[in-house]
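Some notes on the structure that comes next.
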Amino acid sequence: MARYIKREMVDLNNPGQTIFTYRMQTMPMDNADFIEDCARNTTFSGPEIMGILSLVADQLAKRMARGYSVTIDGLGTFKAQIGLTRDARKRLNEEASSPTTDESDDSTQRSLNARSLEVTGILWKPAKSLVRDTNCECRLERGGEEPLRKSKYTLEERRARALAYLEKHTVMRVSDYVRLTGLSHTKAAKELNNIPGVKSEGSRSSKVFFAE
């Protein structure tokens with residue numbers, strides 16, 4: 001039986017109000033256990049199932065790399081997502097942070113070509129039957145609550161603490177701001193992006209903030 005967590009969050013559309021969201025508590029299942037479960041009560045051996053899954057993964061990669069959107073009955077549709085390489089992003093950030101004219105910015109954008117792009121992820125849209133079957137198999141019970149994390153500091157005090165931290169340290173991560181202010185990770189990340197005198201570099205878990 002699966003468990004769910006009830007989480008209290010700030011309602012961004014109604015300042016001062018809170019809303020509740022729900023998420024499933026998940027547990028890791030490794031490849032060997034999954035293959036063993038698949039093979040149980042079938043005529044297929046574990047190695048045979050592993051071989052089929054490896055073949056599907058290999059063919060998916062090849063077809064998506066050629067621009068195909070691949071649909072597998074019961075699983076869903078897979079397609080590749082592309083974006084700028086790390087070097088290209090760094091180049092654009094350097095151009096954006098230096099005093100340039102609109103013409104030079106335009107030139108940088110125009111100079112980006114196929115070598116500036118790479119596959120950055122796989123987009124997957126699950127089949128409706130997979131969602132339906134998962135729901136039919138699912139039995140939920142309450143697993144706990146995550147109350148709203150409120151900071152004891154005002155917005156101005158939080159900003160001051162951030163700037164004071166950056167006077168002593170070269171960079172700051174979202175986790176540092178969470179520790180300094182007591183905010184949730186989501187709200188801390190959003191607030192950090194709007195502090196005057198603080199800039200950021202990188203993305204997601206590698207994103208860091210520094211004083212201008």
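FYI, side chains are in, hydrogens and waters are out, and symmetry mates aren't considered; it's all heavy atoms of this structure. In this chain, residues are counted from 1 in sequence order.
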Is there a continuous path of hydrophobic side-chain contacts, each under 4.5 Å between heavy atoms, that joins L75 to Y68?
yes
Check: E157 side chain, T154 main-chain N or O, donor-acceptor pair, under 3.5 Å
yes
Measuring from L180:CG to R161:CZ, what's the distance to the nearest 0.5 Å?
5.5 Å
Donor-acceptor pair between N193 and K199 side chains, under 3.5 angstrom:
no
E141 atom CD, neighbour heavy-atom count above 12 within 6.0 Å:
yes
Least distance between heavy atoms, M172 atom then A162 atom
CE-CB, 3.8 Å
Rounded at 0.5 Å granularity, tell me how far CG in L166 sits from OH in Y177.
10.5 Å
Got a second to check how far C38's SG is from D33's CG, nearest 0.5 Å?
11.0 Å
Taking Q17 for its side chain and N14 for its backbone only, find out whether a donor-acceptor pair lies under 3.5 Å.
no
Rounded at 0.5 Å granularity, tell me how far CZ in R132 sits from CD in E137.
12.0 Å
Tell me if the CZ atom of F44 is crowded by more than 12 foreign heavy atoms within 6.0 Å.
no
Just checking R86: does its CZ atom have more than 12 heavy atoms from other residues, nucleotides or ligands closer to it than 6.0 angstrom?
no
To the nearest 0.5 Å, what is the distance between CD1 (I35) and CE (M29)?
9.5 Å
Do M64 and L123 share a hydrophobic cluster (ILVMFWY, side-chain heavy atoms under 4.5 Å, transitive)?
no
Which atom names give the shortest non-hydrogen contact between S116 and A88, and what distance separates them?
O-CB, 3.8 Å
Only one of L192, L163, L183, I195 clears side-chain contact (heavy atoms from CB on, under 4.5 Å) with R158; which?
L183
When hydrophobic residues are tied together by side-chain contacts of less than 4.5 Å, even through go-betweens, does I82 share a cluster with L84?
yes
Going by an N to O cut-off under 4.0 Å, is there a salt bridge joining D176 and R173?
no
Is the closest basic N to carboxylate O distance between R91 and D87 below 4.0 Å?
no
Check: T77/S69 side-chain N/O donor and acceptor closer than 3.5 Å
no
Using the rule given for side chain to side chain contact (heavy atoms under 4.5 Å, CB included), can you reason through L155 versus E191, listing the C-alpha separation, both sets of side-chain angles and the distance that settles it, and then say yes or no?
CA-CA 9 Å; L155 175 58; E191 195 168 283; 3.5 Å; yes
Mind checking whether W124 and L60 sit in one hydrophobic cluster, side chains of I, L, V, M, F, W, Y counted as touching below 4.5 Å?
yes
Closest non-hydrogen atom pair, A189 against V174
N-CG1, 3.9 Å
Is there side-chain contact between M24 and L140, with at least one heavy-atom pair below 4.5 Å?
yes
Is the side chain of R7 donor-acceptor paired with the backbone N or O of E146 at a distance under 3.5 Å, no angle test?
no
Within a reach of under 6.0 Å around CG of D73, are more than 12 heavy atoms found that belong to other residues, nucleotides or ligands?
no
Any side-chain heavy-atom pair of K187 and S151 under 4.5 Å
no
Assess the residue pair I72 and F78 against the criterion (side chain to side chain contact (heavy atoms under 4.5 Å, CB included)); give the C-alpha distance rounded to whole Å, side-chain angles, the decisive distance to 0.1 Å, and a yes or no.
CA-CA 8 Å; I72 300 177; F78 301 79; 4.2 Å; yes
State plainly whether one hydrophobic cluster holds both F210 and V198, where clusters connect Ile, Leu, Val, Met, Phe, Trp and Tyr through side-chain heavy atoms under 4.5 angstrom apart.
no
R139 and N135: which non-hydrogen atoms are nearest, and at how many Å?
NH1-O, 4.4 Å
Scanning both residues in full, the closest heavy-atom pair of S45 with A39 reads C-CB, 4.3 Å
E201 and K90 ion-paired at < 4.0 Å
no
Determine, step by step, whether N13 and I19 satisfy the side chain to side chain contact (heavy atoms under 4.5 Å, CB included) criterion, reporting the C-alpha distance in whole Å, the side-chain angles of both residues, the deciding distance to 0.1 Å, and the verdict.
CA-CA 10 Å; N13 297 319; I19 57 175; over 6 Å; no
No-hydrogen, no-angle side-chain donor-acceptor test under 3.5 Å, Y4 and Q25
no
